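I have placed the structure first, in the form of structure tokens, so that the comments after it can refer back to it.
Counting starts at 1 for both ligands and their atoms, in listed order. The structure presented is a predicted model; accordingly, all values stated were derived computationally and were not measured.
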Amino acid sequence: MKGIGIGIGIGIDMLNIAVIGAGLSGLTAANILNTHANVTVFDKAKGPSGRLATRRADPYNFDHGCQFFSAKSSTFKEFLAPMLRQGVIKPWNATFVEIENRQITKSRQWDAQTPHYVGSPSMNAVGKFLSQGLSLVLGTAVTAVGKIPRGWVLKGETGQNLGQFDWVVSAIPAQQAAQLWPEDTSFYTKVKSAKMEGCFTLMLGFEAGLPLDYQAALVRGEDISWISVNSSKPDRNSATTLLVHSTNGWATQHDGLDRNEALQHLLKQTSLVMGQDVSHADHKAIHQWRYANCSKRTGETHFIDHASRSGACGDWLIKGRVEAAFTSGYSIAQDILSQL
Ligand SMILES: Cc1cc2nc3c(=O)[nH]c(=O)nc-3n(C[C@H](O)[C@H](O)[C@H](O)COP(=O)(O)OP(=O)(O)OC[C@H]3O[C@@H](n4cnc5c(N)ncnc54)[C@H](O)[C@@H]3O)c2cc1C
């Protein structure tokens, strides 16, 4: 399919497009554009998938970013269909509860009627699947995007030239995007004013099981907002694992907190909320997300400048959700295609 859309019949070379960020928004855009242009995707991490993330610590594994996602729009449902057919994503039929004042106030069973999807056997299976067939440059942070007469040049951490491109799309959190784009880029001010909040994630592994009446819990009125039994998700084949997220507010207020102090605080909170001591966990780890969620919506699905052939996408333009990341990546790709 490559070459359809431009080049063919009019005798020009296909455009080179750089996508910075191999999370869902970047991979969505790259997959759509890849059939019409030469697309290169850069990511600073060792693997693709971004916040659809998985961390392994044998015999445990944790989806330490996104917990599950749902699909409302027909476009997103269509996009997910091949992954569903091939078992890359599966519904997680958890018993879900809401906890307030350390009491379970609501409980319901998730089922096929409103599926709550997770990657299988781990959340990052989504990014791995979507990376197939793409030109992916991993372990490479893009540190600068510079304008040149006929396009853009990307620079890496040591100042190395990462290539010249006709189009550049950033698909990374707002604060990180603001560090990349030159200040005279037309959407720079809008990127710069978008804010994202952090999250601390506590990961606990238990050699023996843990008695619990639920697999997923939304927690209100505490410094933690979420508890899940990660090992209850489909195909985990892992010893018992608990995954706890702090609230975004607590994480933002305690941005510079020593990691061990953060771990101890969340451990204590988890024991109090669950009504059982979990400090005996055999594995304890913490991860800090600096850019987990967005507090303010931009009112746009993506930012684009057709004249300079540049754009920005990512969940933060819409909402800190997987479907929003998809919508943003999808819409910027369609916008670029409309001009090719
Ligand atoms: C703790 C947490 C819990 C969440 N829970 C849920 C949930 O339950 N349900 C839900 O729907 N959503 C949830 N989300 C949100 C969801 O994960 C995101 O909306 C979605 O994954 C964002 O995709 P993205 O492509 O916009 O960004 P990202 O996934 O952040 O992708 C950006 C990528 O860019 C890379 N990158 C950044 N800077 C550079 C650079 N300079 N050079 C190269 N690469 C770079 C990063 O390594 C990353 O891979 C959660 C997120 C977090 C952090």
Side-chain angles (χ1 to χ4, degrees), residues 18-30 40-55 62-72 76 89 92 94 96 116-119 123-124 126-128 130-131 136-145 154-157 162 168-181 194 196-203 216 218 224-226 228 230 233 243-248 251 286-294 301-302 312-330 332:
V19 175
I20 305 167
L24 187 66
S25 63
L27 292 175
T28 299
T40 308
V41 185
F42 295 90
D43 202 292
K44 63 180 182 172
K46 286 193 210 117
S49 220
R51 279 171 276 160
L52 287 163
T54 302
R55 175 171 305 178
F62 302 90
D63 299 330
H64 63 301
C66 174
Q67 292 303 291
F68 66 88
F69 55 92
S70 51
K72 291 201 175 92
F76 190 39
I89 59 168
W92 178 29
F96 168 79
H116 295 72
Y117 296 115
V118 295
M123 200 55 102
N124 65 0
V126 175
K128 288 181 185 170
L130 293 173
S131 299
L136 208 58
V137 183
L138 293 171
T140 305
V142 178
T143 57
V145 176
L154 303 194
K155 290 282 164 70
E157 268 173 319
L162 296 173
V168 177
V169 172
S170 69
I172 62 181
Q175 282 98 324
Q176 292 172 318
Q179 286 166 19
L180 281 190
W181 290 105
M196 294 182 74
E197 292 190 300
C199 176
F200 279 101
T201 298
L202 176 67
M203 292 162 269
L218 183 70
I224 61 171
S225 62
W226 174 261
S228 72
N230 199 96
K233 294 178 181 177
L243 197 292
V244 180
H245 286 321
S246 75
T247 62
N248 296 130
I286 194 144
H287 178 82
Q288 183 177 11
W289 297 95
R290 284 228 148 74
Y291 312 114
N293 206 345
C294 46
T301 55
H302 60 278
C313 67
D315 66 337
W316 53 272
L317 280 117
I318 306 172
K319 193 182 182 187
R321 288 287 172 267
V322 168
E323 183 158 8
F326 163 79
T327 304
S328 185
Y330 179 86
I332 200 168

Give the residue and atom name of whichever protein heavy atom lies nearest to [atom], and the separation in Å to one decimal.
| atom | value |
| --- | --- |
| atom 30 (O) of ligand 1 | R51 NE, 2.7 Å |
| atom 41 (N) of ligand 1 | V142 O, 2.9 Å |
| atom 7 (C) of ligand 1 | F68 O, 3.3 Å |
| atom 36 (N) of ligand 1 | I172 CG2, 3.5 Å |
| atom 35 (C) of ligand 1 | D43 OD2, 3.2 Å |
| atom 51 (C) of ligand 1 | A292 O, 3.9 Å |
| atom 19 (O) of ligand 1 | D315 OD2, 2.7 Å |

Quick one: look at [X] and ligand 1, take heavy-atom pairs under 4.0 Å, and tell me if it's side chain, backbone, both or neither.
| X | value |
| --- | --- |
| K44 | both |
| A324 | neither |
| E323 | neither |
| T140 | backbone |

Review point. Quick check: does any side chain N or O of D43 sit under 3.5 Å from a backbone N or O of G21, one acting as donor and the other as acceptor?
Key: no

Can you list the atoms of ligand 1 that are under 4.0 Å from a heavy atom of [X]?
| X | answer |
| --- | --- |
| Q67 | 5 (N), 6 (C), 7 (C), 8 (O) |
| V322 | 10 (C), 11 (O), 12 (N), 16 (C), 19 (O) |
| G50 | 29 (O), 31 (O), 48 (C), 49 (O) |
| I20 | 42 (N), 43 (C) |
| A141 | 42 (N), 43 (C) |

Exercise for review: Report yes if H64 has an N/O atom closer than 3.5 Å to an N/O atom of ligand 1; otherwise report no.
Suggested key: no

Check your understanding: Taking N or O atoms only and a 3.5 Å limit, does L24 qualify as a polar contact for ligand 1?
Key -> yes

